[in-house]
Amino acid sequence: MVLSEQEQIRRESLTKLRELGIEPFPAAQVKVTHLSSDVHAEFKEGAEVEMAGRIMSKRIMGKASFAELMDAGGRLQLYFNRDEICPTEDKTLYNEVFKKLLDFGDFISVKGKQFTTQVGEQSIAVKEFKIISKALRPLPVVKTDADGKVHDAFTDPEGRYRMRYVDLLVNDKVKEIFIKRSKVFASMRTFFGEQGYMEVETPILQPIPGGAAARPFITHHNALDMEQYMRIACELYLKKLIVGGFDGVFEFAKTFRNEGLDRTHNPEFTMMEIYVTYKDYNWMMDFTEAMLKRVCKDVLNGFEVKAGDKTIDFSKPFKRVSMTAAIKEHTGFDIKGKSEEELAAWCKANGIGVDASMGRGKLIDEIFGEKCEPHYIQPTFITDYPIEMSPLCKVHRDDPTLTERFELMVNGKELANAYSELNDPIDQRNRFEQQAKLADRGDDEAMFIDQDFLRALEYGMPPTSGMGIGIDRLVMLLTGQSSIQEVLLFPQMRPEKVEKKVELNELETQVMELLKKENPVEMNLIKERSGFSNKQWDKTIKSLRNHSLVHVSKVGDEVMVDLV
RNA sequence: GAUUCGGUAGCUCAGCUGGUAGAGCAUAACACUUUUAAUGUUAGGGUCCUGGGUUCGAGCCCCAGCCGGAUCACCA
């Protein structure tokens with residue numbers, strides 16, 4: 001492994017510390033009485049504190065120094081005075097350990113007193129300090145000036161996503177996103193808990209990937225010698241629990257779909273699904289609205305969210321528009337009673353691409369997606385979807401071509417999806433069979449028939465409404481992020497290149513063979529013997545030097561090559 | 001998958017028509033007892049993403065590839 005200059009120096013510091021009898025990775029637990037946030041919140045001049053954290057900067061001014069300590073509560077300034085740290089004649093702890101061997105990124109524990117500096121900054125006057133863990137790699141140095149402007153920020157997206165630990169350390173705002181994400185979960189859990197609904201876990205490895213239309217990841221179970229699928233939804237399992245007698249169940253479900261990656265898609269993402277008995281989709285609209293208002297209050301302590309140049313307001317009642325009305329409003333076209341042919345003709349006339357495989361439902365969905373969806377910036381429930389699009393949803397009570405389904409649109413995108421759940425087992429079987437026909441026609445996303453789910457329905461499922469919400473998208477919205485990678489701690493990335501092998505390539509091997517015969521040798525001579533082009537020679541000899549296999553030196557006018 | 005932009009020091013980024021690789025911060029050394037993007041002086045640090053090619057000569061031009069970003073397409 002080739003170490004950079006700074007890494008080598010840090011390893012040397014490690015050795016020097018041990019030579020001084022200081023273990024840089026001590027085992028004992030560390031007493032912490034205050035976080036930096038505690039000190040800032042309830043500052044008390046002269047009060048004793050014991051703290052621990054990472055050194056994020058040092059400003060040395062001879063016999064006194066300032067350093068910045070970062071802990072879970074934020075950052076706090078430390079003041080080190082040589083004669084306070086080293087009351088005796090031996091000043092090693094300050095002069096060597098603090099000034100030289102303590103690096104940016106190291107963890108220390110400190111004992112000291114709160115005080116205010118001349119410039120008025122709340123600080124800790126350190127009496128004792130101890131190195132409790134050493135950082136062998138230098139962190140990116142990010143500085144914030146007096147105006148709060150950040151300099152030399154660690155911004156490279158690839159580096160930030162691959163090394164989120166570094167990103168979190170040096171980019172303070174990144175941490176806030178994930179704190180909010182965590183609060184979203186907490187808020188929803190509390191809200192559901194208050195209604196008496198129960199959190200459950202259902203299988204991630206499934207014999208049949210049901211509940212949605214998506215391409216699954218396939219894996220293999222050795223002991224059972226069978227294919228297993230990573231779940232694409234948890235819908236069917238949750239409904240089986242409703243059959244089993246629970247009144248309300250929900251799951252925060254890591255879900256997997258074997259599809260492309262982009263700004264809004266990651267192969268693994270998080271959905272929350274909830275099912276409540278004796279309710280319909282009208283109730284679920286009220287519930288979803290209340291839930292989101294609660295989440296906004298808990299997470300943002302407010303109801304407004306910025307998305308680009310738009311402001312989304314969650315405080316007002318969410319509008320409810322049927323899909324038919326939405327299309328009529330934005331296109332003037334009334335889809336009610338129109339045949340597949342009429343719809344297709346309208347699409348062609350209005351610049352929407354159609355193909356022969358599209359049925360009535362798909363055509364309507366296209367029209368909505370193209371012409372209407374982007375208009376719904378403020379939270380809006382779009383209701384009553386065509387039946388072909390919703391094989392798990394109950395038929396609309398007033399119109400057999402529609403279903404009792406809604407999607408919640410925010411910022412022109414779908415945020416949540418809900419049904420009055422289909423609980424008629426015979427209807428459900430027919431719908432699955434329709435899907436199977438689609439699959440036969442080559443639709444690789446049509447749903448599988450889950451016989452066990454049908455059996456469960458045959459035992460009887462009460463009227464139930466269910467809702468699913470994409471947590472990642474919700475967090476994006478609440479934190480103003482336009483990329484899903486910014487709200488996932490470890491977004492999917494292609495693997496990094498493995499470190500270059502030390503093996504020699506063909507050209508390098510040839511040169512090594514020549515050198516073994518005659519050593520040392522004049523460079524031009526061996527270059528001639530090799531028969532390499534200038535460039536080949538240059539690359540080869542440089543590479544060998546980098547591997548410390550040969551040594552090149554100038555003796556008088558001759559350049560000599562020497563095996564090391 | 002397509003288009004496009006990018007990959008140079010630990011970090012952020014420059015780089016001339018193709019002619020010895022640069023800055024700031026970081027690092028090292030010295031000075032400095034209330035600084036805060038601390039300061040002053042000095043020094044070291046490079047696989048210019050990889051592999052080919054053109055050329056007397058490539059960080060720069062050409063070809064192929066790898067990784068990433070953005071946009072588009074696909075995707076309940």
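Protein chains get the first letters and strands the later ones, always in sequence-line order, with residue 1 at the start of each.
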Identify the nucleotide, in any strand shown, that forms a Watson-Crick or G-U wobble pair with [N], with both distances under 3.5 Å; if there is none, say none.
{"N": "B/G1", "value": "B/C72"}
{"N": "B/G6", "value": "B/C67"}
{"N": "B/A43", "value": "B/U27"}
{"N": "B/U55", "value": "none"}
{"N": "B/U36", "value": "none"}

With heavy atoms under 4.0 Å as the rule, sort [X] into base, sugar-phosphate or nothing.
{"X": "A/R494", "value": "sugar-phosphate"}
{"X": "A/T155", "value": "sugar-phosphate"}
{"X": "A/E68", "value": "nothing"}
{"X": "A/A153", "value": "sugar-phosphate"}
{"X": "A/E7", "value": "nothing"}
{"X": "A/E407", "value": "base"}
{"X": "A/R405", "value": "base"}
{"X": "A/D156", "value": "sugar-phosphate"}
{"X": "A/M493", "value": "sugar-phosphate"}

For A/N266 and B/G69, give me the distance from atom CG to atom P, rounded to whole Å.
->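 Answer to the nearest Å: 11 Å.
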d(CZ, A/F80; P, B/U35) in whole Å = 17 Å
Report yes if at least one side-chain N or O of [X] is closer than 4.0 Å to OP1 or OP2 of [N]; otherwise report no.
{"X": "A/R59", "N": "B/U35", "result": "no"}
{"X": "A/K143", "N": "B/A38", "result": "yes"}
{"X": "A/R263", "N": "B/U71", "result": "yes"}

Nucleotide of B/C11, B/C75, B/C67 approaching A/R162 most closely (side-chain heavy atoms) | B/C67
Any luck finding a side-chain donor-acceptor pair between A/D90 and A/T88 under 3.5 Å?
->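 Looking only at side-chain atoms, A/T88 and A/D90 do not form any donor-acceptor pair under 3.5 Å.
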Return yes if a side-chain donor-acceptor contact under 3.5 Å exists between A/S483 and A/E486, otherwise no.
->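 No.
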Would the A/F129 and A/F80 ring centres measure less than 6.0 Å apart?
->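 A/F129 vs A/F80: aromatic centres under 6.0 Å.
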Polar pairs (N or O, both sides) under 3.5 Å between protein and nucleotides 21-24 of chain B?
{"unit_1": "B/G24", "atom_1": "N2", "unit_2": "A/D152", "atom_2": "OD2", "d": "3.4"}

Nearest-nucleotide comparison on RNA chain B, the residue closer to the 5′ end among A/E158 and A/L415 | A/E158
Could you encode protein contacts along nucleotides 27-34 of chain B as a string, one character per nucleotide from 5' to 3', using B for base contact, S for sugar-phosphate-only contact and - for no contact, with a heavy-atom cut-off of under 4.0 Å?
-> SSSS-BBB
